[in-house]
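To start, the structure under review is shown below, and the notes come after it.
Chain naming here is simple, since letters A, B, ... match the order of the sequence lines and numbering starts at 1 in each. Treat the numbers as computed from the prediction; the structure is a model and nothing was measured.
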Protein chains: 2
Amino acid sequence: MTVTLADVAARAQVSPATVSRVLNGNYPVAAATRERVLKAVTELDYVLNGPASALAAATSDLVGILVNDIADPFFGIMASAIQSEIGGAQGRAGGERLAVVCNTGGSPERELTYLTLLQRQRAAAVVVTGGAVEDGPHAAAIAAKLRKLTDAGTRVVLCGRPPAEDTGAVALAFDNRGGARQLTGHLIGLGHRRLGYIAGPEERTTTRHRLEGHRQALTAAGLEDDPALTVHGRYDRRSGYEATLELLRRAPDLTAVVAANDSVALGACAALRESGLRIPEDVSVAGFDDLPFSVDAVPALTTVRLPLSKAGARAGRIATGREEPPPGGIATVRGELMVRGSTAVPRG
Amino acid sequence: MTVTLADVAARAQVSPATVSRVLNGNYPVAAATRERVLKAVTELDYVLNGPASALAAATSDLVGILVNDIADPFFGIMASAIQSEIGGAQGRAGGERLAVVCNTGGSPERELTYLTLLQRQRAAAVVVTGGAVEDGPHAAAIAAKLRKLTDAGTRVVLCGRPPAEDTGAVALAFDNRGGARQLTGHLIGLGHRRLGYIAGPEERTTTRHRLEGHRQALTAAGLEDDPALTVHGRYDRRSGYEATLELLRRAPDLTAVVAANDSVALGACAALRESGLRIPEDVSVAGFDDLPFSVDAVPALTTVRLPLSKAGARAGRIATGREEPPPGGIATVRGELMVRGSTAVPRG
DNA sequence: CCACGGATAGAAAGCGCTTGCTGCACGTGG
DNA sequence: CCACGTGCAGCAAGCGCTTTCTATCCGTGG
């Protein structure tokens with residue numbers, strides 16, 4: 001039925017051991033023998049049985065990438081960068097790794113499920129992207145699972161997520177706090193005093209950090225942090241739209257809206273426009289992340305650029321052991337303020 | 001070191017066979033025994049060895065999803081929908097499947113590599129999304145590989161890709177031709193006579209089909225198909241920007257630009273605007289796919305909506321055997337023309 | 001000319017799990 | 001009261017590969 005190593009061995013007139021060694025290339029095999037084996041392999045169209053070799057070798061070439069929402073370009077870009085450093089036609093032959101991305105939907109349960117599944121597959125490495133949920137029990141469960149993975153020899157790297165102590169995981173964290181501080185600082189510098197803030201889901205670290213940065217900037221400028229000016233929502237366009245309407249209701253006098261990310265900012269723009277407000281003449285709008293579409297918005301979106309590709313690529317390299325982890329296993333990746341047309345000096 | 005089935009068996013005072021049966025739930029086990037086993041499992045924190053069970057059972061619970069570009073929301077949305085029907089907490093317990101998405105970058109070589117890797121893992125199913133490349137040898141190699149996969153019992157479904165004959169693969173194809181015809185027809189109906197067309201990469205089926213639809217509409221209206229009005233590029237914003245500049249150089253008198261997809265259309269908008277042309281007063285612009293950001297463009301983009309989520313979900317269900325494949329293994333999924341602000345009656 | 005070492009190939013013992021078959025202890029009908 | 005069917009559990013044979021250890025062959029130096 002299916003071709004096995006033994007079939008190839010028989011055809012090449014060698015032992016299965018030899019075939020295995022040719023395929024893995026980690027043991028001297030005479031050139032002539034190797035040729036003969038390779039010939040048999042192609043003639044029989046032999047494909048190695050992954051599970052069997054993983055079982056025998058007690059390792060696998062699977063690398064898992066966990067993302068919160070694969071449909072969101074933020075994660076898509078990061079996943080793409082990670083995968084490009086892992087999968088496919090890398091230099092050294094045989095180093096074929098299967099990079100697989102798993103969509104957790106941001107739910108800790110699913111995150112845990114996937115981690116278990118990867119553990120079950122004896123994954124070689126796992127990259128977890130995006131902010132974490134701060135709910136105690138969940139966070140603990142995930143930390144414990146990460147710990148188990150690293151103990152079992154799986155390399156774990158967190159990309160765009162704060163470090164998890166005591167798990168042996170390497171972390172490449174985004175400086176969300178600093179970016180947000182800069183962004184809000186920019187608006188304050190322009191003269192804005194009443195800034196609406198559309199935050200993400202309450203329980204996420206990313207949400208909290210960005211909000212903290214925003215508040216730090218307010219405080220630094222001696223501005224009051226009116227709780228009515230902060231609305232929580234999801235990280236999507238729809239949410240930005242609705243939150244903006246709510247903000248407008250609560251504070252018709254605001255002159256700027258800072259959004260949790262670019263998608264939310266776009267929704268905010270739509271809501272403002274429909275409310276008859278011009279951007280940036282009447283209200284300035286700012287986003288976060290600098291996704292590709294942000295520069296095409298009209299007006300182009302002022303935002304904080306996160307080096308998603310660069311960070312992802314680095315995470316991928318660390319995960320495959322091709323780059324040393326940062327000292328202490330923790331590195332902070334900074335964003336860059338991109339000032340564009342959507343923010344301006346407030347009216348009157 | 002690591003906990004094995006045997007350890008659980010010892011602790012629960014049963015044979016390994018019994019533990020296996022409890023875990024797989026496909027053989028009668030007395031309730032009391034089951035309890036005991038389950039208790040031992042949690043106490044030991046046992047995690048099944050995936051490769052070992054895949055080897056023994058000659059099946060695995062891996063489902064592969066191939067996409068051209070994971071950073072592109074078009075694929076992100078589809079992948080998300082597919083995965084939502086496959087992975088994680090589905091109803092029936094134990095039915096844990098690991099849905100993995102693989103980024104081919106649109107290259108047939110990598111597509112083949114991933115297919116082989118999945119074959120090697122003895123994947124339960126494979127969903128291939130996005131248009132194919134039409135280069136003969138590559139197409140044949142991929143078809144052969146698909147054939148091998150289906151022969152080996154792997155369910156293969158093509159989502160948003162034309163049927164591959166003789167491969168045993170189920171196909172859910174988008175009606176790109178019809179959508180494009182409708183879209184261009186809409187523009188012609190508005191009175192446009194000189195329409196620029198920004199096509200995707202030449203060798204892709206999606207490109208060809210959309211272009212064919214466009215031309216059918218032109219022909220039906222008795223319009224000449226001026227080859228100077230068609231420019232090929234990639235499926236991204238940048239490409240749309242450059243192609244538009246080129247079109248403007250070639251035909252300053254055009255009144256409409258039809259783009260291969262929404263990202264390209266956005267690039268086109270940017271180029272037009274920078275050239276001092278207003279949309280839609282001076283030039284109408286149309287896209288394809290109706291990705292989430294298209295409605296937020298200013299003006300909102302006229303486009304053809306493809307039911308990405310719906311199609312993806314269906315593909316996922318078929319891949320997991322929870323839905324019957326369409327009769328003949330082929331179904332065509334139609335798009336819907338979304339007329340919005342970016343298209344209007346031409347000036348003068 | 002023989003002993004010895006390096007290079008290469010083979011034998012065989014698992015890796016951890018699934019599953020067909022056997023075995024045992026009941027409960028039931030004759 | 002015995003034969004038999006049923007329900008559960010265990011035995012043991014692999015699944016296809018890797019890898020340690022051993023065997024063989026040859027070239028070389030003494």
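Of all nucleotides listed (D/dA9, C/dA11, D/dG16), C/dA11 comes nearest to the side chain of A/Ser15. Proximity note for A/Asn24 (side chain, C-beta onward) versus D/dT18, C/dT8, D/dT19: the nearest is D/dT18. For A/Arg21, counting side-chain heavy atoms from C-beta on, the closest listed nucleotide (C/dA11, C/dG16, C/dT19) is C/dA11. For A/Ser20, taking side-chain heavy atoms from C-beta onward, the closest of the listed nucleotides D/dT19, D/dG16, C/dT19 is D/dT19. Nearest to the side chain of B/Thr18, among D/dT19, C/dT18, D/dA9, sits D/dA9. Comparing D/dT18, C/dT18, C/dG16 against the side chain of B/Ala52 picks out C/dG16 as the nearest.
Regarding A/Asp61, its CG atom lies at a distance of 11 Å from the P atom of D/dT18, rounded to whole Å. Regarding B/Asn49, its CG atom lies at a distance of 6 Å from the C1' atom of C/dG16, rounded to whole Å. The CG-P distance, from A/Leu55 to D/dT19, rounds to 12 Å in whole Å. Summarising the geometry, the separation between CD on A/Gln13 and C1' on C/dT8 is reported as 17 Å, rounded to the nearest angstrom.
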Could you walk me through whether A/Arg97 and A/Thr320 satisfy the side chain to side chain contact (heavy atoms under 4.5 Å, CB included) test, starting with their C-alpha distance in whole Å, then the side-chain angles of each, then the deciding distance to 0.1 Å, before giving a yes or no? CA-CA 9 Å; A/Arg97 300 179 165 287; A/Thr320 47; 3.9 Å; yes
Just do the side chain to side chain contact (heavy atoms under 4.5 Å, CB included) check on A/Arg204 and A/Val133 with the steps written out, would you? CA-CA 5 Å; A/Arg204 316 221 120 239; A/Val133 159; 3.0 Å; yes
Evaluation steps, salt bridge (Lys or Arg N to Asp or Glu O under 4.0 Å), between B/Glu323 and B/Arg314: CA-CA 8 Å; B/Glu323 176 173 327; B/Arg314 185 164 173 209; 3.0 Å; yes
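Considering B/Glu109, B/Glu203, B/Glu111 as possible partners of B/His138, the one that fulfils the side chain to side chain donor-acceptor pair (under 3.5 Å) test is B/Glu109. Checked against B/Arg34 for a side chain to side chain contact (heavy atoms under 4.5 Å, CB included), the options B/Val22, B/Val19, B/Thr18, B/Val14 give a single hit: B/Val22.
Within 6.0 Å of atom CG in B/Asn26, more than 12 heavy atoms from other residues, nucleotides or ligands are found, so the atom counts as buried in its surroundings. Atom CG of B/Asp45 has more than 12 neighbouring heavy atoms from other residues, nucleotides or ligands inside a 6.0 Å radius.
Atom CD1 of B/Ile330 sits about 10.5 Å away from atom CG of B/Leu172, to the nearest 0.5 Å.
Taking every heavy atom of residues 29-36 of chain A and every atom of DNA chain C, pairs under 4.0 Å involve A/Val29, A/Ala30, A/Thr33, by number.
For B/Gln83 against B/Ile65, the heavy-atom pair with the smallest separation is N-CD1, 4.1 Å.
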Sort me out a list of protein N/O and nucleotides 4-6 of chain D N/O pairs below 3.5 Å, or just none if empty.
none

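Here B/Val14 lies in heavy-atom contact (under 4.0 Å) with sugar-phosphate atoms only.
One cannot find a donor-acceptor pair under 3.5 Å joining the base of C/dA7 and the side-chain atoms of A/Tyr27.
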